[in-house]
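Single-structure report; data block below.
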Amino acid sequence: MKLVEYADRDMMMIDLANILAEALFDALHLSDWVTFAVPGGTTPGPIFDYLSATDLNWAHVNVLLSDERWLPETSVRSNTRLLRQRLMVERAAATSLIPLYTDTPEPEDNLDLLIANLKPYLPIDVLLLGMGDDMHTASLFPGADKLAAALAPDAPPLMAMRAPGAPEPRVTLTAPILAAAQDKHIVITGPEKRTAFEAAQKISNPMHAPVTAVWAGATVHWAE
């Protein structure tokens, strides 16, 4: 794992979009189809804006969220909604979305179907993750109800997760799936997340710092 520091947040977003585009371009030279996994939340929006205008063979890129809140796309908190508004537009409108949500009351109701649909697209070729100031990534939160199972080497690809402070159930890619991605990047911004990143390096237990379970070989991109 290595850290790249940027003096300017906007420049980081542009540079990272270019890095991801190059990684996707290289992956498409090795395979007819590639899987691109990305986070939700507010941080990656500008990256998606720049990336969506990139000239790539987007029709052969399958886009996958690292995690999803169990909410319909009509909710402003839906990560799928963010993807459709910010990434799957312009040239990138040709991508195919691998869904992580079905219209059922609880994620467990259709989890087996979601896993079956996901498996053909693994392993992940290019992965972008975020990290919270509590050192979570995807929906692998400290204190989450099934965190230990999601960190285990034999974890299923996708699990339902509930965590303190998370207002709705979620589904998340598990640690072995995230760790096995071919090209991994983590984007963080601001002093609080820089402090969390430095704290995570001193913590050997991923139950307390889940991001440490997946960041081996990743590049961490940080701007103030």
Side-chain angles (χ1 to χ4, degrees), residues 1-68 73 78-100 118 120-132 137-138 157 172-173 177-190 193-194 197 211 214-224:
M1 183 269 298
K2 66 177 181 179
L3 173 67
V4 179
E5 299 178 325
Y6 299 79
D8 180 86
R9 186 179 298 198
D10 289 339
M11 186 56 66
M12 179 183 73
M13 300 301 185
I14 295 171
D15 284 355
L16 186 47
N18 289 333
I19 290 167
L20 293 169
E22 183 176 353
L24 290 169
F25 182 83
D26 291 344
L28 285 164
H29 273 278
L30 298 175
S31 178
D32 288 338
W33 297 88
V34 301
T35 301
F36 179 33
V38 298
T42 57
T43 299
I47 300 170
F48 296 162
D49 294 339
Y50 294 120
L51 194 55
S52 64
T54 302
D55 187 10
L56 279 174
N57 189 3
W58 286 108
H60 285 246
V61 176
N62 299 296
V63 177
L64 170 67
L65 283 161
S66 61
D67 62 321
E68 178 59 291
E73 289 182 39
S78 166
N79 288 333
T80 303
R81 178 187 175 114
L82 171 75
L83 281 194
R84 293 197 187 279
Q85 292 179 343
R86 303 289 291 271
L87 178 60
M88 301 178 69
V89 295
E90 298 189 52
R91 287 172 169 165
T95 58
S96 297
L97 177 68
I98 304 167
L100 292 188
L118 169 62
Y121 301 101
L122 298 175
I124 296 166
D125 296 284
V126 181
L127 171 65
L128 177 65
L129 286 171
M131 185 196 74
T137 193
T172 183
L173 299 180
I177 295 301
L178 296 171
Q182 299 298 307
D183 196 324
K184 292 184 282 188
H185 300 268
I186 301 172
V187 57
I188 58 176
T189 57
K193 290 186 179 182
R194 177 60 183 267
F197 168 75
V211 69
V214 305
W215 72 10
T219 301
V220 179
H221 304 261
W222 175 79
E224 184 76 25

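Being a predicted model, the structure only gives us computed values, none of them experimental. This chain uses plain numbering: 1 for the first residue, then up along the sequence.
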Any donor-acceptor pair under 3.5 Å from [X] side chain to [Y] backbone:
{"X": "Asp125", "Y": "Phe36", "result": "no"}
{"X": "Trp215", "Y": "Ala179", "result": "no"}
{"X": "His60", "Y": "Asp32", "result": "yes"}
{"X": "Lys184", "Y": "Gly217", "result": "no"}
{"X": "Arg91", "Y": "Ala53", "result": "yes"}

When you look at Met12 and Val4, which way does the side chain to side chain contact (heavy atoms under 4.5 Å, CB included) test go after all the steps? CA-CA 9 Å; Met12 179 183 73; Val4 179; over 6 Å; no
Pairwise side-chain contact, [X] with [Y], heavy-atom cut-off 4.5 Å (strictly under):
{"X": "Asp183", "Y": "Thr219", "result": "no"}
{"X": "Thr80", "Y": "Leu65", "result": "yes"}
{"X": "Ile98", "Y": "Thr35", "result": "yes"}
{"X": "Asp49", "Y": "Met13", "result": "no"}
{"X": "Leu87", "Y": "Leu51", "result": "yes"}
{"X": "Leu83", "Y": "Thr95", "result": "no"}
{"X": "Asp15", "Y": "His221", "result": "no"}
{"X": "Pro157", "Y": "Leu122", "result": "yes"}

[X] atom [atom1]: more than 12 heavy-atom contacts under 6.0 Å:
{"X": "Phe48", "atom1": "CZ", "answer": "yes"}
{"X": "Tyr6", "atom1": "OH", "answer": "yes"}
{"X": "Glu22", "atom1": "CD", "answer": "no"}

Go through the steps for Leu64 and Leu173 under the test side chain to side chain contact (heavy atoms under 4.5 Å, CB included), then give the verdict. CA-CA 10 Å; Leu64 170 67; Leu173 299 180; 3.8 Å; yes
At what distance, to the nearest 0.5 angstrom, does [atom1] of [X] lie from [atom2] of [Y]?
{"X": "Leu24", "Y": "Asn57", "atom1": "CG", "atom2": "CG", "result": "11.0 Å"}
{"X": "Asp67", "Y": "Thr137", "atom1": "CG", "atom2": "OG1", "result": "8.0 Å"}
{"X": "Asp8", "Y": "Ile14", "atom1": "CG", "atom2": "CD1", "result": "8.0 Å"}

For the student: nearest non-hydrogen atoms of [X] and [Y], plus distance:
{"X": "Ala138", "Y": "Ser66", "value": "CB-O, 3.9 Å"}
{"X": "Ile186", "Y": "Ala218", "value": "CD1-CB, 4.3 Å"}
{"X": "Ala17", "Y": "Tyr50", "value": "CB-CB, 3.7 Å"}
{"X": "Ser96", "Y": "Met88", "value": "C-CE, 4.5 Å"}
{"X": "Pro44", "Y": "Pro39", "value": "CG-O, 3.7 Å"}
{"X": "Met131", "Y": "Phe197", "value": "CE-N, 3.7 Å"}

Between Val38 and Ile47, does the side chain to side chain contact (heavy atoms under 4.5 Å, CB included) criterion hold? Intermediate values first, please. CA-CA 10 Å; Val38 298; Ile47 300 170; over 6 Å; no
Full working for side chain to side chain contact (heavy atoms under 4.5 Å, CB included) between Lys193 and Thr43: CA-CA 12 Å; Lys193 290 186 179 182; Thr43 299; 4.0 Å; yes
